[in-house]
There are 2 protein chains.
Amino acid sequence: MQSGEYTVGQLATAARTKAVTIRYYERQGLMRIPTRTPGGYRIYRSDDLDRLLFILRCRHFGFSLENVRELLQLADQTDAPCAEVDAKVARHLDEVRERLAELQSLEAELQRLSRCCAGGGIVKDCRIIESLSRDIGNSKTPACTP
Amino acid sequence: MQSGEYTVGQLATAARTKAVTIRYYERQGLMRIPTRTPGGYRIYRSDDLDRLLFILRCRHFGFSLENVRELLQLADQTDAPCAEVDAKVARHLDEVRERLAELQSLEAELQRLSRCCAGGGIVKDCRIIESLSRDIGNSKTPACTP
DNA sequence: CTTGACCTTATAGCAACTATAAGGTGCATC
DNA sequence: GATGCACCTTATAGTTGCTATAAGGTCAAG
C-alpha cells in the first residue's frame, strides 16, 4: 500500500463513513470497481475519495441513491448542458417542501393530541386514547379543547 | 357471513385500507387473530374495525407499529394510569419536531444549492456540481452567492 | 355446475443500510 | 519462520411498513 492509496477502512475514515457503506455503494454501482492487492484487498486512490465525498454530500442533501447515480452520470459529462442538474435539484427541493408541509401539519395535530391529557388520570378516561379511538381527524368538533 | 361481520376485504374497505395491510398487522401482532369460516376465510366484527381504525389513526400520527403495539396494550388496560400514554405522545412529538428542524435546514441548504445554477450553462461550469464536489456544508465561505 | 370475484398462503422486493458469521490478509514482533 | 492482531473478504439475514407476485382455494350468484 503506497502513499495516496487507501484500504476500504482508511477511505471510510477519511470520508467519515463506514467500510460497509463503501462496499454497498460499489454493489449499487455508485463507487467504481477498485483495483485489488494480490490478496484481494480493495485499493482506492484520491479520486475515489472525491467520488465518495460527492456521494455523501448528495446523501446529506437528501438525494436518493438513484438520484445520486444520475447526478454522478451528469457530473461525468462535463460538456452536457446543466439544465438537467438544475431540474433535479429543483424537483428534490419541491419534494422536501412537500414533506416539510406534511410534517408541520403532523406536528400541529400531535400537539393538539398531546394537550388532551393532563397526565394524572387513568387510561379509561384518557382523552388521548379517546381521541385515537374516535376519528378526530375527520370530525368538525374537536375531541377536546384544552 | 352475517350482518355485522366482515371479510378481510370488507373490513379493508370500511377502514379505507387494504386487505394485505390487515393481514400484515395480524402477523405483526396488532390485529387479533380472527375466527374463520369453514373454508378458512377470516371473519371480523365491529370491535375489529374499531381496533383497525385505532391502528390507522396512530399511523396517521406517525407512530411506528412498535409504538402502536404499545399504545394498544396501554389502551387495553383501562385502569392503568395514563402517564405512560402521555409520555409516549410527548416523546413522539419531540421526535417529529427534531425531524422538522432537520428538514427545515435541509430546505434552506437545498434552496441555496438551487440558486447556484442559472440554468443556461454546461455541467463543467455548473455551480451545483461544484458545490456538491466541494464541501460547502463545512466551508465558511459559501460556494456561491447568487 | 360454472363463472368470477374474492379469499388463502408463501415468497420476494423496495430503500439504505446494519449486523452477523466464517474465514483470509498484512504487517509487526518474537 | 511463527505468532498475534487488526483489518480485510464474502455471503446472508435483519431492519420498517408495506407492496407485488404466484399458485391455488372458496363463496355466492346464475
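The analysis underlying the following values was restricted to heavy atoms, covering all of them including side chains, and did not include hydrogens, waters or symmetry mates. Order of the sequence lines sets the chain letters (A, B, ...), proteins ahead of strands, with each chain counted from 1.
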Trainee: Rounded to the nearest Å, what distance is computed from the CD1 atom of residue B:Ile22 to the P atom of nucleotide C:dC7?
Mentor: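 Checked: the CD1 to P distance equals 9 Å.
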Trainee: Is the backbone of A:Arg127 close enough, under 3.5 Å, to the side chain of A:Ser131 for a donor and an acceptor to pair up by distance?
Mentor: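 Between the backbone of A:Arg127 and the side chain of A:Ser131 there is a qualifying donor-acceptor contact (under 3.5 Å).
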Trainee: Just checking A:Arg59: base, sugar-phosphate only, or nothing, at a heavy-atom cut-off of under 4.0 Å?
Mentor: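 The residue A:Arg59 makes sugar-phosphate contact but no base contact.
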Trainee: Give the nucleotide from the list C:dT18, D:dT9, C:dC7 with an atom nearest to the side chain of A:Thr21.
Mentor: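 Of the candidates, C:dT18 comes closest.
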Trainee: Output the rounded distance in Å from NZ (B:Lys18) to C1' (D:dA20).
Mentor: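 From B:Lys18 NZ to D:dA20 C1': 10 Å.
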Trainee: How long is the line joining OH of A:Tyr24 and C1' of D:dT15, in whole Å?
Mentor: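 Going from A:Tyr24 (OH) to D:dT15 (C1'), I get 13 Å.
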Trainee: Can you measure from CD (A:Gln111) to CD (A:Glu107) and round to the nearest 0.5 angstrom?
Mentor: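 Answer rounded to 0.5 Å: 5.5 Å.
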Trainee: Expressed as a whole number of angstroms, how long is the span from A:Glu95:CD to C:dA15:P?
Mentor: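 One finds 14 Å between P of C:dA15 and CD of A:Glu95, rounded.
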Trainee: Taking the nucleotide of DNA chain D with the closest heavy atom to each, which residue, A:Gly40 or B:Leu65, is nearer the 5' end?
Mentor: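 The residue whose closest nucleotide sits nearer the 5' end is A:Gly40.
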Trainee: Mapping B:Gly39 and A:Thr7 to their closest nucleotides on DNA chain D, which lands nearer the 5' end?
Mentor: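 Going by which nucleotide is closer to the 5' end, it is A:Thr7.
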Trainee: Between A:Glu66 and B:Arg36, which residue's closest nucleotide on DNA chain C lies nearer the 5′ terminus?
Mentor: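 Of the two residues, B:Arg36 wins.
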Trainee: Nearest to the side chain of A:Tyr41 - D:dT26, C:dG24, C:dA16?
Mentor: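 Nearest to the side-chain atoms of A:Tyr41, counting from C-beta on, is C:dG24.
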Trainee: NA contact type, B:Phe63, heavy-atom cut-off 4.0 Å: base, sugar-phosphate, or nothing?
Mentor: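 It contacts nothing in the nucleic acid.
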Trainee: Between D:dC8 and A:Thr37, is there an OP1 or OP2 to side-chain N/O distance shorter than 4.0 Å?
Mentor: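 No, because none of the side-chain N or O atoms of A:Thr37 sits under 4.0 Å from OP1 or OP2 of D:dC8.
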Trainee: Taking the side chain as C-beta and beyond, is there a heavy-atom pair between A:Leu100 and B:Leu100 under 4.5 Å?
Mentor: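 A side-chain contact under 4.5 Å exists here.
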Trainee: Rounded to whole Å, please give me the gap between CZ in B:Arg42 and P in D:dT26.
Mentor: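 The distance from CZ of B:Arg42 to P of D:dT26 comes to 15 Å, rounded to the nearest Å.
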Trainee: Whole-Å distance between C:dA16 C1' and A:Leu52 CG?
Mentor: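 Atom-to-atom, A:Leu52 to C:dA16, this comes out as 15 Å.
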Trainee: Just compare D:dG17, C:dC17, D:dC8 and give me whichever is closest to any side-chain atom of A:Tyr25.
Mentor: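 Closest nucleotide among those given: C:dC17.
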Trainee: Donor-acceptor check, side chain of A:Arg51 to backbone of A:Met31, threshold 3.5 angstrom: yes or no?
Mentor: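 Judged by distance alone, no pair lies under 3.5 Å.
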Trainee: Considering only heavy atoms from C-beta outward, does the side chain of B:Lys88 approach that of B:Leu74 to under 4.5 Å?
Mentor: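 A side-chain contact exists here, since the closest heavy-atom pair is under 4.5 Å.
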Trainee: Using atom CD1 of B:Ile33 as one end and atom C1' of C:dT9 as the other, report the distance to the nearest whole Å.
Mentor: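 Distance check: B:Ile33 CD1 to C:dT9 C1' gives 14 Å.
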Trainee: Without decimals, in angstroms, what is the distance between A:Asn67 CG and C:dA15 C1'?
Mentor: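 After rounding, the gap between these two atoms is 12 Å.
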Trainee: Think A:Arg23 has a side-chain N or O under 4.0 angstrom from the OP1 or OP2 of D:dT9?
Mentor: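 For A:Arg23, the contact criterion (side-chain N or O under 4.0 Å from OP1 or OP2 of D:dT9) is met.
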Trainee: Check every strand shown and say whether B:Arg27 touches a base, only sugar-phosphate, or nothing at a heavy-atom separation below 4.0 Å.
Mentor: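 Answer is nothing: B:Arg27 stays at 4.0 Å or more from every strand.
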